[in-house]
Amino acid sequence: MWKWLHPYAKPERAYQLCVTLQPYFLWPGILCLVAGSIWGLAFAPQDYQQGDSFRIIYIHVPSAILSMSTYVAMAVAALVGTVWQWRTAFMAMIAMAPIGAVVTFIALFTGAAWGKPMWGTWWVWDARLTSELILLFLYLGVIALYGAFEDKQQAGKAAGVMALVGVVNVPIIHYSVEWWNTLHQGATISKFDKPSIAPEMLWPLLIALVGLALFIAAVTVMRMKNEIIRREYHRPWVKDLAARALGGDHAV
Amino acid sequence: MNTLINGIFKRDMALAFRQRSELAQPLMFLLMVITLFPLGIGPGPVTLQKIGPGVIWIAAILASLLAMERLFRDDFWDGSLEQYMLSGQSVAAIAAVKVLVHWLVSFLPLALFSPLLALFLNLTVDMYIALMLTLVLGTPLLSLVGAIAVGLTVGLQRGGVLLALLLIPVFIPLLIFATSAVDSAALQLPYRAQLAIIGAMLMLAMASAPFAIAYALKVSQN
Amino acid sequence: MQFDSLHDFLAMGGYALYVWLSFGVSLLALVWVVLDSASTHKKLLRNAREEQARQARIAAARKAQAVHSESQQTGS
(Lines give C-alpha, C1' and ligand atoms only; values in the text may rest on other atoms or scores of the structure.)
Protein backbone atom coordinates (compact mmCIF):
# COMPACT_ATOMS: atom_id res chain seq x y z
CA MET A 1 0.00 0.00 0.00
CA TRP A 2 2.84 2.36 0.79
CA LYS A 3 5.00 1.29 -2.16
CA TRP A 4 4.58 4.69 -3.80
CA LEU A 5 6.48 6.22 -0.89
CA HIS A 6 9.55 4.03 -1.28
CA PRO A 7 11.41 6.10 -3.90
CA TYR A 8 11.44 9.00 -1.41
CA ALA A 9 13.80 7.15 0.88
CA LYS A 10 16.46 8.39 -1.50
CA PRO A 11 17.46 11.96 -0.69
CA GLU A 12 17.68 12.95 -4.34
CA ARG A 13 14.10 11.89 -5.06
CA ALA A 14 12.90 13.50 -1.85
CA TYR A 15 14.60 16.74 -2.89
CA GLN A 16 12.83 16.70 -6.24
CA LEU A 17 9.52 16.11 -4.50
CA CYS A 18 10.16 19.07 -2.21
CA VAL A 19 10.96 21.31 -5.16
CA THR A 20 7.75 20.26 -6.90
CA LEU A 21 5.55 20.69 -3.85
CA GLN A 22 6.95 23.97 -2.59
CA PRO A 23 4.99 26.42 -4.76
CA TYR A 24 1.76 24.48 -4.21
CA PHE A 25 2.18 24.85 -0.45
CA LEU A 26 3.68 28.30 -0.21
CA TRP A 27 1.49 30.48 -2.40
CA PRO A 28 -1.95 29.04 -1.56
CA GLY A 29 -0.81 29.06 2.06
CA ILE A 30 0.10 32.72 2.06
CA LEU A 31 -3.08 33.54 0.15
CA CYS A 32 -5.31 31.74 2.63
CA LEU A 33 -3.50 33.24 5.61
CA VAL A 34 -3.87 36.76 4.24
CA ALA A 35 -7.48 36.17 3.24
CA GLY A 36 -8.39 34.62 6.58
CA SER A 37 -6.67 37.39 8.53
CA ILE A 38 -8.31 40.20 6.60
CA TRP A 39 -11.71 38.53 6.80
CA GLY A 40 -11.27 37.97 10.51
CA LEU A 41 -9.92 41.44 11.23
CA ALA A 42 -12.27 43.53 9.14
CA PHE A 43 -15.34 41.55 8.14
CA ALA A 44 -16.19 39.07 10.87
CA PRO A 45 -18.65 40.29 13.49
CA GLN A 46 -17.58 41.37 16.96
CA ASP A 47 -17.98 39.04 19.89
CA TYR A 48 -20.78 40.33 22.11
CA GLN A 49 -18.71 39.78 25.23
CA GLN A 50 -15.14 40.45 24.18
CA GLY A 51 -15.60 43.03 21.48
CA ASP A 52 -12.82 43.29 18.97
CA SER A 53 -10.11 41.67 21.08
CA PHE A 54 -11.54 38.30 20.21
CA ARG A 55 -10.25 38.70 16.65
CA ILE A 56 -6.97 37.33 17.95
CA ILE A 57 -8.68 33.94 17.74
CA TYR A 58 -8.00 33.91 14.01
CA ILE A 59 -4.32 33.39 14.69
CA HIS A 60 -4.38 31.88 18.15
CA VAL A 61 -6.61 28.88 17.45
CA PRO A 62 -5.00 27.77 14.17
CA SER A 63 -1.51 28.11 15.67
CA ALA A 64 -2.50 26.19 18.81
CA ILE A 65 -4.07 23.35 16.83
CA LEU A 66 -1.24 23.17 14.31
CA SER A 67 1.48 23.33 16.95
CA MET A 68 0.20 20.00 18.22
CA SER A 69 -0.39 18.46 14.79
CA THR A 70 3.11 19.41 13.71
CA TYR A 71 4.52 17.67 16.75
CA VAL A 72 2.57 14.53 15.95
CA ALA A 73 3.73 14.72 12.32
CA MET A 74 7.30 15.07 13.58
CA ALA A 75 6.82 11.99 15.74
CA VAL A 76 5.42 10.02 12.79
CA ALA A 77 8.51 10.98 10.78
CA ALA A 78 10.67 9.89 13.73
CA LEU A 79 8.83 6.56 13.86
CA VAL A 80 9.30 5.95 10.12
CA GLY A 81 12.97 6.81 10.45
CA THR A 82 13.49 4.60 13.48
CA VAL A 83 11.60 1.56 12.24
CA TRP A 84 12.52 1.64 8.55
CA GLN A 85 15.86 3.42 8.94
CA TRP A 86 15.04 6.13 6.39
CA ARG A 87 17.41 9.08 6.53
CA THR A 88 14.91 11.23 4.68
CA ALA A 89 12.38 10.60 7.44
CA PHE A 90 14.77 12.04 10.02
CA MET A 91 15.47 14.95 7.70
CA ALA A 92 11.74 15.63 7.50
CA MET A 93 11.50 15.42 11.28
CA ILE A 94 14.21 18.01 11.89
CA ALA A 95 12.77 20.22 9.12
CA MET A 96 9.46 20.38 10.97
CA ALA A 97 10.88 21.15 14.39
CA PRO A 98 11.79 24.84 14.00
CA ILE A 99 8.54 25.86 12.29
CA GLY A 100 6.62 23.84 14.88
CA ALA A 101 8.43 25.70 17.64
CA VAL A 102 7.72 29.08 15.98
CA VAL A 103 4.01 28.25 15.65
CA THR A 104 3.94 27.15 19.29
CA PHE A 105 5.53 30.46 20.24
CA ILE A 106 2.90 32.28 18.21
CA ALA A 107 0.17 30.36 20.04
CA LEU A 108 1.70 31.31 23.38
CA PHE A 109 2.25 34.96 22.48
CA THR A 110 -1.20 35.49 21.01
CA GLY A 111 -2.67 33.59 23.94
CA ALA A 112 -0.96 35.97 26.34
CA ALA A 113 -2.00 39.03 24.32
CA TRP A 114 -5.57 37.75 24.32
CA GLY A 115 -5.39 36.93 28.00
CA LYS A 116 -4.68 40.50 28.98
CA PRO A 117 -8.07 41.87 27.87
CA MET A 118 -9.82 38.60 28.80
CA TRP A 119 -8.40 37.83 32.22
CA GLY A 120 -6.68 41.10 33.02
CA THR A 121 -3.21 39.59 33.06
CA TRP A 122 -0.57 38.80 30.45
CA TRP A 123 0.12 35.31 31.72
CA VAL A 124 -2.12 32.87 33.46
CA TRP A 125 -1.41 29.24 34.23
CA ASP A 126 -4.48 28.03 32.46
CA ALA A 127 -4.46 24.47 31.16
CA ARG A 128 -4.08 25.33 27.49
CA LEU A 129 -1.30 27.90 27.85
CA THR A 130 0.62 25.68 30.26
CA SER A 131 0.41 22.67 27.94
CA GLU A 132 1.55 24.88 25.05
CA LEU A 133 4.56 26.01 27.08
CA ILE A 134 5.54 22.41 27.80
CA LEU A 135 5.09 21.61 24.10
CA LEU A 136 7.54 24.42 23.29
CA PHE A 137 10.09 22.81 25.60
CA LEU A 138 9.56 19.49 23.85
CA TYR A 139 10.30 21.10 20.48
CA LEU A 140 13.37 22.90 21.80
CA GLY A 141 14.62 19.64 23.29
CA VAL A 142 14.44 17.85 19.94
CA ILE A 143 16.20 20.74 18.19
CA ALA A 144 18.90 20.96 20.87
CA LEU A 145 19.53 17.22 20.89
CA TYR A 146 19.87 17.10 17.09
CA GLY A 147 22.33 19.98 17.22
CA ALA A 148 24.46 18.33 19.92
CA PHE A 149 25.66 15.51 17.67
CA GLU A 150 28.32 15.98 15.00
CA ASP A 151 27.28 12.89 13.08
CA LYS A 152 23.85 13.78 11.73
CA GLN A 153 22.86 10.15 11.24
CA GLN A 154 23.27 9.66 14.96
CA ALA A 155 21.64 13.00 15.63
CA GLY A 156 18.52 11.98 13.71
CA LYS A 157 18.14 8.73 15.62
CA ALA A 158 18.69 10.37 19.00
CA ALA A 159 16.29 13.23 18.33
CA GLY A 160 13.84 10.67 16.99
CA VAL A 161 13.84 8.81 20.31
CA MET A 162 13.07 12.00 22.21
CA ALA A 163 10.37 12.99 19.73
CA LEU A 164 8.71 9.62 20.30
CA VAL A 165 9.03 9.81 24.08
CA GLY A 166 7.56 13.29 23.84
CA VAL A 167 4.60 12.27 21.74
CA VAL A 168 3.66 9.57 24.24
CA ASN A 169 3.80 12.29 26.83
CA VAL A 170 1.66 14.85 25.03
CA PRO A 171 -1.72 13.31 25.96
CA ILE A 172 -0.49 12.61 29.50
CA ILE A 173 0.66 16.20 29.87
CA HIS A 174 -2.61 17.52 28.51
CA TYR A 175 -4.74 15.45 30.79
CA SER A 176 -2.64 16.15 33.87
CA VAL A 177 -2.34 19.90 33.26
CA GLU A 178 -6.05 20.27 32.60
CA TRP A 179 -6.86 18.34 35.76
CA TRP A 180 -4.28 20.35 37.72
CA ASN A 181 -5.74 23.55 36.46
CA THR A 182 -9.33 22.75 37.43
CA LEU A 183 -8.06 21.82 40.88
CA HIS A 184 -6.19 25.00 41.48
CA GLN A 185 -8.18 27.54 39.58
CA GLY A 186 -11.75 26.54 40.18
CA ALA A 187 -12.71 30.18 40.48
CA THR A 188 -11.54 31.22 37.01
CA ILE A 189 -13.91 30.04 34.36
CA SER A 190 -12.71 30.44 30.84
CA LYS A 191 -15.00 32.84 29.05
CA PHE A 192 -14.18 31.28 25.75
CA ASP A 193 -15.87 27.95 26.35
CA LYS A 194 -17.10 26.22 23.27
CA PRO A 195 -20.18 28.06 22.23
CA SER A 196 -21.78 27.24 18.94
CA ILE A 197 -19.70 29.50 16.78
CA ALA A 198 -21.49 31.64 14.24
CA PRO A 199 -20.69 30.78 10.61
CA GLU A 200 -19.48 34.33 9.92
CA MET A 201 -16.84 33.65 12.55
CA LEU A 202 -16.17 30.04 11.56
CA TRP A 203 -15.22 30.57 7.93
CA PRO A 204 -12.29 32.94 8.42
CA LEU A 205 -11.07 30.62 11.16
CA LEU A 206 -11.10 27.61 8.86
CA ILE A 207 -9.42 29.53 6.06
CA ALA A 208 -6.70 30.75 8.42
CA LEU A 209 -6.27 27.17 9.67
CA VAL A 210 -5.85 25.79 6.15
CA GLY A 211 -3.54 28.67 5.27
CA LEU A 212 -1.29 28.13 8.26
CA ALA A 213 -1.19 24.38 7.63
CA LEU A 214 -0.09 24.93 4.03
CA PHE A 215 2.42 27.51 5.19
CA ILE A 216 3.91 25.10 7.72
CA ALA A 217 4.13 22.46 4.99
CA ALA A 218 5.88 24.97 2.71
CA VAL A 219 8.49 25.91 5.30
CA THR A 220 9.00 22.23 6.15
CA VAL A 221 9.65 21.47 2.51
CA MET A 222 12.08 24.40 2.23
CA ARG A 223 14.00 23.36 5.33
CA MET A 224 14.02 19.74 4.24
CA LYS A 225 15.69 20.79 0.98
CA ASN A 226 18.34 22.56 3.03
CA GLU A 227 18.92 19.57 5.27
CA ILE A 228 19.21 17.26 2.27
CA ILE A 229 21.81 19.52 0.68
CA ARG A 230 23.76 19.72 3.93
CA ARG A 231 23.85 15.96 4.35
CA GLU A 232 24.44 15.08 0.70
CA TYR A 233 26.98 17.81 0.03
CA HIS A 234 29.46 15.65 -1.78
CA ARG A 235 27.11 13.87 -4.11
CA PRO A 236 27.34 14.63 -7.81
CA TRP A 237 23.68 15.60 -8.05
CA VAL A 238 24.19 18.31 -5.43
CA LYS A 239 27.21 19.59 -7.31
CA ASP A 240 25.15 19.74 -10.52
CA LEU A 241 22.39 21.53 -8.66
CA ALA A 242 24.77 24.12 -7.27
CA ALA A 243 26.34 24.68 -10.67
CA ARG A 244 22.94 25.09 -12.32
CA ALA A 245 21.77 27.55 -9.68
CA LEU A 246 24.62 29.79 -10.76
CA GLY A 247 22.60 30.59 -13.89
CA GLY A 248 19.49 32.10 -12.31
CA ASP A 249 19.22 33.43 -8.82
CA HIS A 250 15.74 32.07 -8.10
CA ALA A 251 15.46 29.41 -5.44
CA VAL A 252 15.62 25.96 -7.00
CA MET B 1 20.95 -14.25 33.21
CA ASN B 2 21.04 -14.44 36.98
CA THR B 3 24.81 -14.33 37.15
CA LEU B 4 24.77 -11.37 34.79
CA ILE B 5 22.29 -9.46 36.91
CA ASN B 6 24.02 -10.35 40.16
CA GLY B 7 27.40 -9.48 38.77
CA ILE B 8 26.42 -6.07 37.51
CA PHE B 9 24.44 -5.35 40.64
CA LYS B 10 27.40 -6.08 42.87
CA ARG B 11 29.84 -4.21 40.65
CA ASP B 12 27.77 -1.06 40.43
CA MET B 13 27.00 -1.04 44.14
CA ALA B 14 30.67 -1.44 44.98
CA LEU B 15 31.65 1.33 42.58
CA ALA B 16 28.99 3.66 43.91
CA PHE B 17 30.05 3.24 47.50
CA ARG B 18 33.64 3.71 46.62
CA GLN B 19 32.86 7.29 45.66
CA ARG B 20 30.74 8.26 48.59
CA SER B 21 31.37 11.96 48.13
CA GLU B 22 29.86 11.82 44.69
CA LEU B 23 26.78 10.17 46.13
CA ALA B 24 26.46 12.81 48.76
CA GLN B 25 26.48 15.73 46.32
CA PRO B 26 22.92 15.46 45.03
CA LEU B 27 21.75 14.99 48.59
CA MET B 28 23.55 18.12 49.72
CA PHE B 29 22.03 19.93 46.76
CA LEU B 30 18.59 18.76 47.82
CA LEU B 31 19.08 19.95 51.38
CA MET B 32 20.41 23.31 50.29
CA VAL B 33 17.59 23.95 47.84
CA ILE B 34 15.01 23.09 50.47
CA THR B 35 16.73 25.36 52.95
CA LEU B 36 16.70 28.20 50.45
CA PHE B 37 12.93 28.19 50.09
CA PRO B 38 12.03 29.32 53.62
CA LEU B 39 14.87 31.81 53.43
CA GLY B 40 13.61 33.21 50.18
CA ILE B 41 9.87 33.07 50.78
CA GLY B 42 9.61 33.67 54.49
CA PRO B 43 9.38 31.29 57.42
CA GLY B 44 5.61 31.44 57.92
CA PRO B 45 4.61 27.85 58.73
CA VAL B 46 1.32 28.03 56.89
CA THR B 47 2.97 29.11 53.64
CA LEU B 48 5.69 26.50 54.02
CA GLN B 49 3.18 23.75 54.53
CA LYS B 50 1.36 24.86 51.42
CA ILE B 51 4.41 24.88 49.19
CA GLY B 52 6.18 22.03 51.00
CA PRO B 53 5.18 19.06 48.81
CA GLY B 54 5.94 21.01 45.63
CA VAL B 55 9.29 22.18 46.92
CA ILE B 56 10.39 18.71 47.97
CA TRP B 57 9.35 17.16 44.69
CA ILE B 58 10.96 19.89 42.60
CA ALA B 59 14.15 19.59 44.59
CA ALA B 60 14.03 15.80 44.13
CA ILE B 61 13.66 16.20 40.37
CA LEU B 62 16.54 18.67 40.17
CA ALA B 63 18.78 16.54 42.37
CA SER B 64 18.01 13.45 40.32
CA LEU B 65 18.92 15.32 37.12
CA LEU B 66 22.29 16.05 38.71
CA ALA B 67 22.81 12.47 39.82
CA MET B 68 21.61 10.87 36.63
CA GLU B 69 24.61 11.71 34.53
CA ARG B 70 26.60 9.26 36.64
CA LEU B 71 24.54 6.39 35.33
CA PHE B 72 26.60 5.53 32.27
CA ARG B 73 29.34 8.11 32.38
CA ASP B 74 32.06 6.20 34.23
CA ASP B 75 31.42 3.04 32.28
CA PHE B 76 31.57 5.02 29.06
CA TRP B 77 34.90 6.61 29.89
CA ASP B 78 36.63 3.43 30.96
CA GLY B 79 35.28 1.36 28.09
CA SER B 80 33.13 -1.07 30.02
CA LEU B 81 29.96 0.27 28.43
CA GLU B 82 31.29 -0.77 25.06
CA GLN B 83 32.19 -4.17 26.49
CA TYR B 84 28.67 -4.60 27.83
CA MET B 85 27.21 -3.81 24.44
CA LEU B 86 29.60 -6.09 22.58
CA SER B 87 29.17 -8.94 25.02
CA GLY B 88 26.09 -10.35 23.32
CA GLN B 89 24.12 -10.20 26.55
CA SER B 90 20.81 -8.38 26.74
CA VAL B 91 21.61 -4.69 26.97
CA ALA B 92 18.08 -4.05 28.20
CA ALA B 93 18.67 -6.31 31.21
CA ILE B 94 22.01 -4.69 31.91
CA ALA B 95 20.44 -1.26 31.68
CA ALA B 96 17.60 -2.29 33.99
CA VAL B 97 20.01 -3.50 36.67
CA LYS B 98 22.12 -0.37 36.43
CA VAL B 99 19.03 1.80 36.79
CA LEU B 100 17.97 -0.27 39.79
CA VAL B 101 21.31 0.23 41.51
CA HIS B 102 21.26 3.91 40.67
CA TRP B 103 17.80 4.28 42.12
CA LEU B 104 18.66 2.44 45.33
CA VAL B 105 21.75 4.50 45.80
CA SER B 106 19.98 7.81 45.09
CA PHE B 107 16.65 7.16 46.71
CA LEU B 108 17.56 5.56 50.01
CA PRO B 109 19.45 8.60 51.30
CA LEU B 110 16.49 10.75 50.23
CA ALA B 111 14.16 8.45 52.18
CA LEU B 112 16.41 8.72 55.22
CA PHE B 113 16.44 12.47 55.04
CA SER B 114 12.78 12.93 54.30
CA PRO B 115 11.63 13.27 57.94
CA LEU B 116 14.06 16.16 58.26
CA LEU B 117 12.73 17.75 55.09
CA ALA B 118 9.19 17.31 56.31
CA LEU B 119 10.16 19.02 59.51
CA PHE B 120 11.77 21.95 57.69
CA LEU B 121 8.67 22.52 55.65
CA ASN B 122 6.18 21.91 58.39
CA LEU B 123 4.42 18.92 56.87
CA THR B 124 1.86 16.97 58.87
CA VAL B 125 2.15 13.24 59.44
CA ASP B 126 -0.55 12.48 56.87
CA MET B 127 1.26 14.60 54.33
CA TYR B 128 4.52 12.88 55.16
CA ILE B 129 3.05 9.43 54.57
CA ALA B 130 1.60 10.56 51.25
CA LEU B 131 4.95 12.12 50.34
CA MET B 132 6.81 8.90 51.04
CA LEU B 133 4.35 6.89 48.98
CA THR B 134 4.69 9.27 46.03
CA LEU B 135 8.46 9.19 46.35
CA VAL B 136 8.56 5.38 46.43
CA LEU B 137 6.39 5.17 43.32
CA GLY B 138 7.67 8.23 41.53
CA THR B 139 11.46 8.19 41.93
CA PRO B 140 11.89 4.88 40.04
CA LEU B 141 9.94 6.54 37.24
CA LEU B 142 12.41 9.43 37.30
CA SER B 143 15.33 7.01 37.10
CA LEU B 144 13.86 4.84 34.36
CA VAL B 145 12.74 7.58 31.99
CA GLY B 146 15.75 9.73 32.82
CA ALA B 147 18.02 6.86 31.85
CA ILE B 148 16.64 6.96 28.30
CA ALA B 149 17.81 10.55 27.88
CA VAL B 150 21.08 9.80 29.68
CA GLY B 151 21.66 6.92 27.26
CA LEU B 152 21.21 9.28 24.33
CA THR B 153 23.54 11.97 25.66
CA VAL B 154 26.31 9.88 27.21
CA GLY B 155 29.66 11.16 25.98
CA LEU B 156 28.29 14.51 24.79
CA GLN B 157 29.92 17.66 26.09
CA ARG B 158 27.64 19.78 28.21
CA GLY B 159 25.12 16.99 28.32
CA GLY B 160 23.84 18.17 31.69
CA VAL B 161 21.76 21.15 30.63
CA LEU B 162 20.51 19.31 27.57
CA LEU B 163 19.40 16.52 29.86
CA ALA B 164 17.35 18.94 31.93
CA LEU B 165 15.73 20.44 28.84
CA LEU B 166 14.83 16.99 27.54
CA LEU B 167 13.49 15.61 30.78
CA ILE B 168 11.62 18.44 32.46
CA PRO B 169 8.58 18.21 30.14
CA VAL B 170 8.53 14.48 30.73
CA PHE B 171 8.56 14.85 34.51
CA ILE B 172 5.83 17.45 34.71
CA PRO B 173 2.85 15.05 34.90
CA LEU B 174 4.59 13.14 37.68
CA LEU B 175 5.16 16.37 39.56
CA ILE B 176 1.51 17.37 39.17
CA PHE B 177 0.10 14.09 40.43
CA ALA B 178 2.60 13.68 43.27
CA THR B 179 2.03 17.13 44.69
CA SER B 180 -1.70 16.73 44.26
CA ALA B 181 -1.58 13.54 46.30
CA VAL B 182 0.23 15.24 49.15
CA ASP B 183 -2.07 18.24 49.01
CA SER B 184 -5.08 15.96 49.23
CA ALA B 185 -3.54 14.27 52.23
CA ALA B 186 -3.17 17.67 53.83
CA LEU B 187 -6.92 18.18 53.46
CA GLN B 188 -7.66 14.68 54.76
CA LEU B 189 -8.96 13.68 51.35
CA PRO B 190 -8.28 10.33 49.68
CA TYR B 191 -5.39 10.25 47.24
CA ARG B 192 -5.47 6.70 45.97
CA ALA B 193 -6.32 7.94 42.45
CA GLN B 194 -3.17 10.01 42.12
CA LEU B 195 -1.05 7.15 43.43
CA ALA B 196 -2.75 4.82 40.96
CA ILE B 197 -1.90 7.07 38.04
CA ILE B 198 1.72 7.37 39.13
CA GLY B 199 1.76 3.60 39.55
CA ALA B 200 0.40 3.16 36.04
CA MET B 201 3.10 5.42 34.59
CA LEU B 202 5.66 3.42 36.57
CA MET B 203 4.35 0.13 35.16
CA LEU B 204 4.56 1.51 31.65
CA ALA B 205 8.11 2.69 32.28
CA MET B 206 9.21 -0.60 33.84
CA ALA B 207 7.91 -2.50 30.85
CA SER B 208 9.30 -0.32 28.10
CA ALA B 209 12.15 1.82 29.42
CA PRO B 210 14.86 -0.88 29.50
CA PHE B 211 14.37 -1.48 25.79
CA ALA B 212 14.28 2.23 25.05
CA ILE B 213 17.48 2.67 27.08
CA ALA B 214 19.16 -0.15 25.16
CA TYR B 215 18.17 1.48 21.89
CA ALA B 216 19.36 4.87 23.11
CA LEU B 217 22.74 3.39 24.02
CA LYS B 218 22.94 1.75 20.62
CA VAL B 219 22.31 5.12 18.96
CA SER B 220 24.79 7.07 21.03
CA GLN B 221 27.53 4.45 20.96
CA ASN B 222 27.19 3.82 17.26
CA MET C 1 -17.00 45.82 6.80
CA GLN C 2 -17.46 45.79 10.56
CA PHE C 3 -15.82 49.15 11.06
CA ASP C 4 -17.05 52.59 10.09
CA SER C 5 -13.70 54.08 9.22
CA LEU C 6 -10.01 53.27 8.95
CA HIS C 7 -9.49 54.94 12.28
CA ASP C 8 -12.02 52.64 13.91
CA PHE C 9 -10.40 49.65 12.25
CA LEU C 10 -6.99 50.56 13.64
CA ALA C 11 -8.43 51.24 17.08
CA MET C 12 -10.07 47.81 17.27
CA GLY C 13 -12.63 48.97 19.80
CA GLY C 14 -9.93 49.91 22.30
CA TYR C 15 -8.03 46.64 22.02
CA ALA C 16 -5.64 47.93 19.38
CA LEU C 17 -2.50 47.11 21.34
CA TYR C 18 -3.41 43.45 21.84
CA VAL C 19 -4.80 42.73 18.41
CA TRP C 20 -2.06 44.46 16.44
CA LEU C 21 0.66 43.13 18.70
CA SER C 22 -0.62 39.59 18.14
CA PHE C 23 -0.95 39.87 14.40
CA GLY C 24 2.27 41.85 14.09
CA VAL C 25 4.46 39.47 16.07
CA SER C 26 2.94 36.45 14.33
CA LEU C 27 3.54 38.00 10.93
CA LEU C 28 7.13 38.84 11.84
CA ALA C 29 7.79 35.32 13.12
CA LEU C 30 6.39 33.64 10.02
CA VAL C 31 8.18 36.01 7.64
CA TRP C 32 11.43 35.48 9.53
CA VAL C 33 11.21 31.70 9.30
CA VAL C 34 10.55 31.78 5.55
CA LEU C 35 13.32 34.27 4.84
CA ASP C 36 15.75 32.29 6.99
CA SER C 37 14.96 29.08 5.12
CA ALA C 38 15.36 30.76 1.72
CA SER C 39 18.61 32.52 2.58
CA THR C 40 20.10 29.34 4.06
CA HIS C 41 19.24 27.61 0.80
CA LYS C 42 21.13 30.19 -1.25
CA LYS C 43 24.06 30.08 1.16
CA LEU C 44 24.30 26.28 1.00
CA LEU C 45 24.28 26.24 -2.79
CA ARG C 46 26.87 29.00 -2.92
CA ASN C 47 29.13 27.08 -0.51
CA ALA C 48 28.73 23.96 -2.62
CA ARG C 49 29.75 25.89 -5.75
CA GLU C 50 32.77 27.44 -4.03
CA GLU C 51 33.83 24.07 -2.64
CA GLN C 52 33.52 22.55 -6.10
CA ALA C 53 35.58 25.35 -7.65
CA ARG C 54 38.20 24.87 -4.97
CA GLN C 55 38.40 21.14 -5.61
CA ALA C 56 38.72 21.82 -9.32
CA ARG C 57 41.59 24.24 -8.69
CA ILE C 58 43.35 21.72 -6.45
CA ALA C 59 42.93 18.95 -9.02
CA ALA C 60 44.23 21.19 -11.81
CA ALA C 61 47.22 22.20 -9.70
CA ARG C 62 48.04 18.59 -8.92
CA LYS C 63 47.78 17.66 -12.56
CA ALA C 64 50.05 20.52 -13.56
CA GLN C 65 52.54 19.35 -10.92
CA ALA C 66 52.44 15.78 -12.19
CA VAL C 67 52.93 16.82 -15.83
CA HIS C 68 55.75 19.15 -14.82
CA SER C 69 57.64 16.54 -12.80
CA GLU C 70 57.08 13.94 -15.53
CA SER C 71 58.53 16.20 -18.18
CA GLN C 72 61.46 16.92 -15.88
CA GLN C 73 62.10 13.20 -15.49
CA THR C 74 61.86 12.35 -19.18
CA GLY C 75 63.85 15.50 -20.00
CA SER C 76 66.84 14.51 -17.93
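Scope of the values below: all heavy atoms of this structure, side chains included, with no hydrogens, waters or symmetry mates.
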Review point. Under a 4.5 Å heavy-atom cutoff, which of A:F43, A:W39, A:F105 has the most pairs with chain C?
Key: A:F43
Check your understanding: Hey, which of A:L41, A:I30, A:L33 has the most heavy atom pairs under 4.5 Å with chain C?
Key -> A:L41
Point to revise | Parallel, tilted or perpendicular: ring planes of A:Y58 versus A:F54, cut at 30 and 60 degrees | key: perpendicular
Point to revise | Proximity breakdown for A:I229 and chain C, heavy-atom pairs closer than 4.5 Å | key: side chain
Check your understanding: So which of C:V33, C:L30, C:L21, C:T40 has the biggest tally of heavy-atom pairs under 4.5 Å with chain A?
Key -> C:L30
Practice item. Taking the six-membered ring for Trp and the full ring for Phe, Tyr or His, determine whether the centres of A:Y139 and A:Y71 are under 6.0 Å apart. Key: yes
Review point. With only heavy atoms counted, which part of C:V25 is less than 4.5 Å from chain A, the side chain, the backbone, both or neither?
Key: side chain
Review point. Any donor-acceptor pair under 3.5 Å linking the side chain of A:W123 with the backbone of A:A112?
Key: no
Revision key, fill the gap. Scored by heavy-atom pairs under 4.5 Å with chain C, the best of A:I106, A:I99, A:L26 is A:I106
Practice item. Below 4.5 Å from any heavy atom of chain A, which atoms of C:L27 appear? Answer side chain, backbone, both or neither. Key: neither
Check your understanding: Can the ring centroids of A:W114 and C:Y15 be said to lie less than 6.0 angstrom from one another?
Key -> no
Review point. Relative to chain A, which segment of C:F9 carries a heavy atom at a distance below 4.5 Å: side chain, backbone, both, or neither?
Key: side chain
Study note, to complete from the structure: Most heavy-atom pairs under 4.5 Å with chain C, out of A:A107, A:A113, A:A218, A:S63, belong to A:A113
Review point. If you count the non-hydrogen atoms of other residues, nucleotides and ligands that lie under 6.0 Å from CH2 in A:W203, is the total more than 12?
Key: no
Practice item. To the nearest 0.5 angstrom, please state how far the OG1 atom of A:T110 sits from the CD atom of A:E132. Key: 9.0 Å
Point to revise | Carboxylate-amine/guanidinium contact A:E232 A:R87, below 4.0 Å | key: yes
